[in-house]
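These notes are about the structure you will find just below.
Letters go in sequence order (proteins before strands), and every chain restarts at 1.
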Number of protein chains: 2
Amino acid sequence: MRIGELARRTGVTERALRYYEEQNLLRPARLPSGYRDYAPSDIEAVRHVRSMLAAGLPSHLIAELLPCMVDTGNGLMPGCRSMLEPLESERDRLTSAIEELTTARTQLTALIDRTPEDDAEYDAWVAANGAA
Amino acid sequence: MRIGELARRTGVTERALRYYEEQNLLRPARLPSGYRDYAPSDIEAVRHVRSMLAAGLPSHLIAELLPCMVDTGNGLMPGCRSMLEPLESERDRLTSAIEELTTARTQLTALIDRTPEDDAEYDAWVAANGAA
DNA sequence: CTAAACCTTCACGCTGACGTGAGGGTCAAG
DNA sequence: CTTGACCCTCACGTCAGCGTGAAGGTTTAG
């Protein structure tokens, strides 16, 4: 598949896809015309790249990660195992980020739920409990 | 406490702390000298800010989120109730952000867990399943 | 054969989150 | 009263992750 189709099917711009190749996050083949030729599996690959970038992982780490993910399909190759430590610290960073966001969302939801729907209800609350 | 101490106790540079104030992520008081005067609670606030920034959330979203993390006890004031709708969409964005981070972490965790602990284990896997 | 749609490589521009001085005030210690 | 640690406000520099043309080759429908 060519770049336009991949862009439509992933929701990622063509510019971003070319940038990903530049950063060695994708390695599409080339047609005789020079057009990029993406494999069907690149659709999933792009989604992986997107979520990792959105999660704040640096692209050079993602770039080192991808070749390790394809080869055996069963964990990292021996030569890749030196990456376990950075991977684990990234995982821990994500864990605490998720916890922070979950806490924030819980409190935000509580604030929304606690807020009266209209002025009458608020005035009733003030009458019952006193003003702030 | 002044900026240097807060910087040391959070591991964040003074420049970053001034930037956070510029972005309304922190609102330190001022001493007569003009020095910033941070509250002890700002240590925790800085950690919240840091993990959200590291998770890829834009600072203006964090700025709107931080006051929501403080439990005022009685919902929004009447004049603020017009912000309910934006707050709800922020909550939804927060939800999808959490989902993205969780997806990324799940992928990382799966990769880490599939990786053999040592070469012997890997060689055993190769012997049983064949090489790539 | 031609026009539209699709692709290519530069290459400059932009935003966010700071880094890095420059030039200067504040303040406790000697 | 000066030195050194600490703080201030500009203001330009940097890097990642793209956006946005410019100038031109390729493919396909009519």
Side-chain angles (χ1 to χ4, degrees), chain A residues 1-39 42-43 45-66 86 90 93-94 97 100-101, chain B residues 1-39 42-43 45-66 90 93-94 97 100-101 104:
Chain A
M1 102 196 337
R2 296 183 306 187
I3 198 171
E5 187 180 348
L6 183 59
R8 280 190 302 274
R9 295 175 69 164
T10 57
V12 172
T13 67
E14 301 182 7
R15 177 65 175 92
L17 292 176
R18 295 195 185 99
Y19 176 76
Y20 294 163
E21 181 184 13
E22 195 178 311
Q23 302 299 311
N24 294 318
L25 303 183
L26 294 175
R27 295 173 178 279
R30 293 292 180 138
L31 298 170
S33 58
Y35 289 9
R36 288 171 179 83
D37 186 21
Y38 292 93
D42 284 332
I43 296 177
V46 167
R47 297 208 170 110
H48 289 164
V49 167
R50 278 307 306 152
S51 65
M52 294 206 176
L53 281 177
L57 274 82
S59 66
H60 70 264
L61 180 58
I62 304 177
E64 294 175 31
L65 206 54
L66 289 182
E90 285 294 332
R93 188 182 63 75
L94 283 181
E100 293 277 0
L101 291 185
Chain B
M1 88 192 345
R2 295 181 308 186
I3 197 170
E5 187 180 349
L6 182 59
R8 279 190 303 273
R9 297 176 67 164
T10 58
V12 171
T13 67
E14 301 182 6
R15 176 65 175 95
L17 292 176
R18 295 194 186 100
Y19 176 76
Y20 295 163
E21 180 183 16
E22 196 179 311
Q23 302 299 309
N24 294 318
L25 303 183
L26 294 176
R27 295 175 178 279
R30 294 290 181 139
L31 298 171
S33 57
Y35 290 9
R36 289 171 180 82
D37 186 21
Y38 292 93
D42 284 331
I43 296 176
V46 167
R47 297 207 171 113
H48 289 325
V49 168
R50 278 307 307 152
S51 64
M52 292 199 190
L53 281 177
L57 275 82
S59 64
H60 66 86
L61 178 59
I62 303 176
E64 296 175 21
L65 230 47
L66 280 182
E90 308 270 343
R93 272 193 281 174
L94 196 49
E100 281 188 30
L101 293 188

In whole Å, what is the span from the [atom1] atom of [X] to the [atom2] atom of [N]?
X	N	atom1	atom2	value
B:Met1	D:dC6	CE	P	14 Å
B:Tyr38	D:dC6	OH	P	16 Å
B:Leu31	D:dC7	CG	P	10 Å

Exercise. Which residue pairs pass the side-chain hydrogen bond (donor to acceptor under 3.5 Å, both in side chains) test with at least one member in residues 27-36 of chain B, sequence neighbours excluded?
Worked result: B:Glu21-B:Arg30, B:Glu21-B:Arg36
For this session: Identify the heavy atoms of B:Gly4 and B:Glu14 that sit nearest to each other, and give their distance.
Result: CA-OE2, 3.7 Å
Exercise. So, do A:Thr10 and A:Arg50 sit near enough that their side-chain heavy atoms are less than 4.5 Å apart?
Worked result: no
Exercise. Is any side-chain heavy atom of B:Tyr38 less than 4.5 Å from a side-chain heavy atom of B:Val46?
Worked result: no
For this session: For A:Asp37 and A:Arg2, indicate whether the former's side chain and the latter's backbone hold a donor-acceptor pair under 3.5 Å.
Result: no
For this session: Apply the test side-chain contact (heavy atoms from CB on, under 4.5 Å) to residues B:Asp42 and B:Tyr20: give CA-CA distance (whole Å), side-chain angles for both, the deciding distance (0.1 Å), then the verdict.
Result: CA-CA 11 Å; B:Asp42 284 331; B:Tyr20 295 163; over 6 Å; no
Exercise. Less than 4.0 Å between a side-chain N and a carboxylate O, is that true for B:Arg18 and B:Glu22?
Worked result: no
For this session: Summarise protein proximity over nucleotides 17-27 of chain D in one line of letters, 5' to 3': B for base, S for sugar-phosphate only, - for none, counting protein heavy atoms closer than 4.0 Å.
Result: BBBB----BBS
Exercise. If you measure from CD1 on B:Ile3 to CD on B:Glu5, what distance do you get to the nearest 0.5 Å?
Worked result: 12.0 Å
For this session: Walk along DNA chain C from 5' to 3' and tell me the first and last nucleotide with an atom closer than 4.0 Å to a non-hydrogen atom of chain B.
Result: C:dG16 to C:dC27
Exercise. Is A:Arg18 touching bases, backbone alone, or none of the nucleic acid, heavy atoms closer than 4.0 Å?
Worked result: base
